[in-house]
Amino acid sequence: MRLINRAKLLWSYLLRRERVPALPVEYIVETTAKCNLYCPMCPRETHPQPKEDMNDAVFDALIKGAARTGEHMMLIGLGEPLLDPKIFDRIEYCERHGISTLLSTNGVLLDEVTAEKLLSTPLAHITLSFDGASKESFEVYRKGAKFDRVRDNFVRFSTLKHQKNAKIQIVVQMIRMQNNAHEVQEFKRFWTAVPGVDQVRIKEDETNVLQPEAARTGAGSRVCHYLWRGPVYVKHDGRVFPCCQSYMLDGEPIGRLPEQSLDQINNSGEMRRLRRLHAEGRAGEIDMCARCCVAIPHPLLVAGSLVLHGKWVRRVVPVIERLVYGAKLPRRMLAAPRDTLVQIERE
């Protein structure tokens, strides 16, 4: 069923179909809106969030609706996933429905007990967010977190993964900003030496909360693949947006769970309108798209991401990034090449 679903998505994307007889392969799922830190670059600072978790009715409707077609659930959003008391159950629930899961954490709660528990789940991928190579820069951007404590948590987690020979993929990520840009090389040097770390990513700030007037990519000539393959963004309260940037840029939701099914949401009037404008080359008329700063891959890469199962896409994407940023592939493969990623080769 997943192969057929991807074939329908690919056909719809290539033909720029307004109505799609398939469902997205990826979802960003905000299982909690709670957070334990203040980060000045986070959209939470412009979009205040309630201290609430996603209820079972919303989560069940999502997983059951995507059970035959979904390939990845990124259990992240504008909250810290480890504050969700049901996060381990949700990972298991997705796995029972054949859907792999991904997390991103600030690491404050990733103590030894939590690390052991997380490594015992079928979690496929985790991003360890660590914005700096020094106490001075890190604590500017992660207010409420202690540099040494979080670094120790991440090192212990990665080392445990290595010792247990766990299959989980670990990415350590730093968002490059004014106060930590000079630390990129030291960041790479430290984390590439930690056992269990698979990738080190240096990412540009795509929210521009700190620099609202900064140049944005904006909607260019390329059709945004998010509108066909996902990931769509499911807020903790059940509202569904065409992508995470849509919510941050004050776009309209395309539907709501569990009042509507995923099929109804994916072909709602708003979703069809967005696809139509992109297909007609009029994406710039959509305010959120005109202000978006996320890179849009070349159509060949999008097509390739729908030929392969999501679990393989996750492994291939870093290779493509390295080739593009290493000048071995033309930069036009990414509309706005803004990330660098180091792949760690292990014996």
The side-chain contact (heavy atoms from CB on, under 4.5 Å) partner of D60 among L62, D56, V58 is D56
Test log, rule salt bridge (charged side-chain N to carboxylate O under 4.0 Å, His left out), inputs K146 and D148: CA-CA 6 Å; K146 298 299 182 183; D148 292 332; over 6 Å; no
Which of T101, V171, I168 passes side-chain contact (heavy atoms from CB on, under 4.5 Å) with H125? Answer is V171
- Are R16 and Y13 in a cation-pi contact, defined as NZ or CZ under 6.0 Å from the six-membered ring centre and within 45° of the axis? yes
**Prompt:** In terms of side-chain geometry, is the basic nitrogen of E116 or K164 positioned less than 4.0 Å from the acidic oxygen of its partner?
**Reply:** yes
Sidechain-backbone polar pair: H97 side chain, I99 backbone, donor-acceptor under 3.5 Å: no
Rounding to 0.5 Å, atoms CG (L103) and CD1 (I126) come to a distance of 5.5 Å
ask   = Do the two ring centres, one from Y27 and one from Y233, sit under 6.0 Å apart?
value = no
*Cation over ring, R151 on F190, under 6.0 Å and within 45°?*
yes
Check your understanding: Counting distance only, does the side-chain N/O of D287 pair as donor-acceptor with the main-chain N or O of G251 below 3.5 Å?
Key -> no
Requested in this report: Could you please spell out the steps behind the side-chain contact (heavy atoms from CB on, under 4.5 Å) verdict for V29 and F59?
Outcome: CA-CA 9 Å; V29 188; F59 193 74; 4.3 Å; yes
Separation between CD1 (I76) and OG (S104), nearest 0.5 Å, reads 5.5 Å
**Prompt:** Do R201 and M174 pass the side-chain contact (heavy atoms from CB on, under 4.5 Å) test, and can you show the C-alpha distance, the side-chain angles, and the key distance before you say yes or no?
**Reply:** CA-CA 6 Å; R201 187 189 301 270; M174 182 180 90; over 6 Å; no
All heavy atoms of L274 vs all of P242, minimum pair found to be CD1-CG, 3.7 Å
Regarding K235 and E30, does a basic nitrogen lie under 4.0 Å from an acidic carboxylate oxygen?
yes
D53/K86 ion pair, N-O < 4.0 Å = no
Could you give the side-chain donor-acceptor pairs of residues 88-95 under 3.5 Å, partners two or more places apart or in another chain?
{"residue": "R90", "atom": "NE", "partner": "D84", "partner atom": "OD2", "Å": "2.7"}
{"residue": "R90", "atom": "NH2", "partner": "M54", "partner atom": "O", "Å": "2.8"}

In this structure, CD1 of I265 is separated from CG of L257 (nearest 0.5 Å) by 4.0 Å
Requested in this report: Give a yes or no answer on whether the side chain of N267 reaches the backbone of V20 with a donor-acceptor pair at less than 3.5 Å.
Outcome: yes
dist L301:CG -> L306:CG (nearest 0.5 Å) comes out at 11.5 Å
- Message: Assess whether a salt bridge exists between R6 and E71, defined as any Lys/Arg side-chain N lying under 4.0 Å from an Asp/Glu carboxylate O.
- Response: yes
CZ (R256) and CZ (F241) are apart, to the nearest 0.5 Å, by 9.0 Å
Between H47 and D250, is any side-chain donor less than 3.5 angstrom from a side-chain acceptor?
-> yes
Of all heavy-atom pairs linking S12 and P21, the shortest is OG-CD, 3.4 Å
### Message
side-chain contact (heavy atoms from CB on, under 4.5 Å), that's the test. Do L102 and M73 meet it? Break it down for me.
### Response
CA-CA 6 Å; L102 301 87; M73 292 285 171; over 6 Å; no
Does a donor on one side chain and an acceptor on the other come within less than 3.5 Å for S129 and N106?
no
Please determine, by modelled atom types, if Y141 and N179 share a side-chain donor-acceptor pair under 3.5 angstrom.
yes
Subject >> Salt-bridge present (K161, D198; N to O < 4.0 Å) >> reply: yes
Between R156 and N153, is any side-chain donor less than 3.5 angstrom from a side-chain acceptor? yes
Interatomic distance, OG1@T69 vs CG@L3, rounded to 0.5 Å, equals 13.0 Å
Strictly below 4.0 Å, N to O, side chains only: are E80 and K34 in salt-bridge contact? no
Given the options L109, L82, I87, T114 meets side-chain contact (heavy atoms from CB on, under 4.5 Å) only with L82
One thing to verify: whether D152 and R149 come together as a salt bridge, which I'm taking to mean a side-chain N less than 4.0 angstrom from a carboxylate O.
no
Taking S268's backbone N and O only, do any of them form a donor-acceptor pair with R19's side chain (distance below 3.5 Å, no angle check)? no
